[in-house]
Amino acid sequence: SDFDVETTPVTTGLAVSLNDICLGDNATADITGNLIDGSYEFTYSLSGSNSASDLTATGVFSSGDGTGSFTIPAANIGADGNTNVIITAVSFTTGEMCSAGSLLVINNFDVEPLPNVSVLNLAVGDVCDGNDATVNITSTLADGTYQFTYDLSAPNAATDLTATSTLSSGDGSGSFT
């Protein structure tokens, strides 16, 4: 009788990196290494501000260069602070699901808390065509640097515009143009 001997995933040089996220968002674990194109199941744990063990996620690699990613659901990262991701195994998701276990691939990311704001008022005066408008902020935000995402209505309609403002007066006020 014939049978096939399937290989285990090649995990030489396997690394994981993650960008910091806001509380309530999913995290994306970007994987680099020598994984061939295909579908993989990653077994991982979280430690630090968020702890969980024996979690699994599927990542599909189709870049041809050994890179891909998997998603860590927001439900598993419900606390702000620094969180470590520890990949302990990588398995093929097809065939015999051969696994490269006993791994210890680690990196971390920060889960940033959401701004605590009970009051946020924005005021904009009239402006001449071709000039920048100044947006004045009155809020209960703590001092810090914030990115504001906003939309403009007609006749200058635009969506998902962003501006950054540093509040440093201690009273939640500032501005951006």
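For the single chain, residues carry numbers from 1 onward in sequence order.
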**Message:** Angle between ring planes, Phe148 versus Phe176, binned at 30° and 60°: parallel, tilted or perpendicular?
**Reply:** parallel
**Item:** Transitive ILVMFWY side-chain link Val60 to Phe92, under 4.5 Å
**Value:** no
**Fill in**
In short, side chain to side chain donor-acceptor pair (under 3.5 Å) pairs touching residues 85-95 with sequence neighbours left out are Ser39-Thr93, Ser91-Ser99
**Prompt:** Of Leu167, Val124, Asn136, Ile137, which meets side-chain contact (heavy atoms from CB on, under 4.5 Å) against Ser175?
**Reply:** Asn136
**Asked** Judged by modelled atom types alone, do Ser47 and Asn84 share a side-chain donor-acceptor pair under 3.5 Å?
**Response** yes
**Message:** Between Ser17 and Asn107, is there a side-chain donor-acceptor contact under 3.5 Å, judged purely by atom types and distance?
**Reply:** no
**Message:** Is the ring pair Phe70/Phe42 parallel, tilted or perpendicular, if the boundaries are 30 and 60 degrees?
**Reply:** parallel
**Message:** Is there a side-chain contact (heavy atoms from CB on, under 4.5 Å) between Thr145 and Thr164? Walk through the geometry before answering.
**Reply:** CA-CA 7 Å; Thr145 300; Thr164 301; 3.4 Å; yes
**Item:** Nearest-0.5 Å distance, SG of residue Cys22 to CD1 of residue Ile77
**Value:** 11.0 Å
**Complete:** In terms of heavy-atom contacts, Val90 and Pro9 come closest through O-CG, 3.5 Å
**Item:** Minimum side-chain heavy-atom gap Leu46-Val85 below 4.5 Å
**Value:** yes
**Message:** For Thr83 and Ser49, which I'm curious about, is there any donor-acceptor pair between the side chains at under 3.5 Å?
**Reply:** no
**Message:** For a 4.5 angstrom cut-off between non-hydrogen side-chain atoms, does Asn26 reach Thr28?
**Reply:** no
**Asked** Got a second to check how far Ser45's OG is from Asn76's CG, nearest 0.5 Å?
**Response** 11.0 Å
**Asked** OG1 of Thr159 to CG of Leu152: how many Å apart, nearest 0.5 Å?
**Response** 9.0 Å
**Message:** Could you measure the distance from the CG atom of Leu114 to the CG atom of Asn116? Nearest 0.5 Å is fine.
**Reply:** 9.5 Å
**Fill in**
The reported gap from CG in Asp160 to CG in Asp151 (rounded to nearest 0.5 angstrom) is 6.0 Å
**Asked** Roughly how far, to the nearest 0.5 Å, is the CD1 atom of Ile87 from the CD1 atom of Ile106?
**Response** 10.0 Å
**Asked** Looking only at atom types and distance, does a side-chain atom of Thr8 sit under 3.5 Å from a main-chain N or O of Ala100, one as donor and one as acceptor?
**Response** no
**Request:** Work out which heavy atom in Leu14 is nearest to a heavy atom in Leu103; give both atom names and the distance.
**Result:** CD2-CD1, 4.1 Å
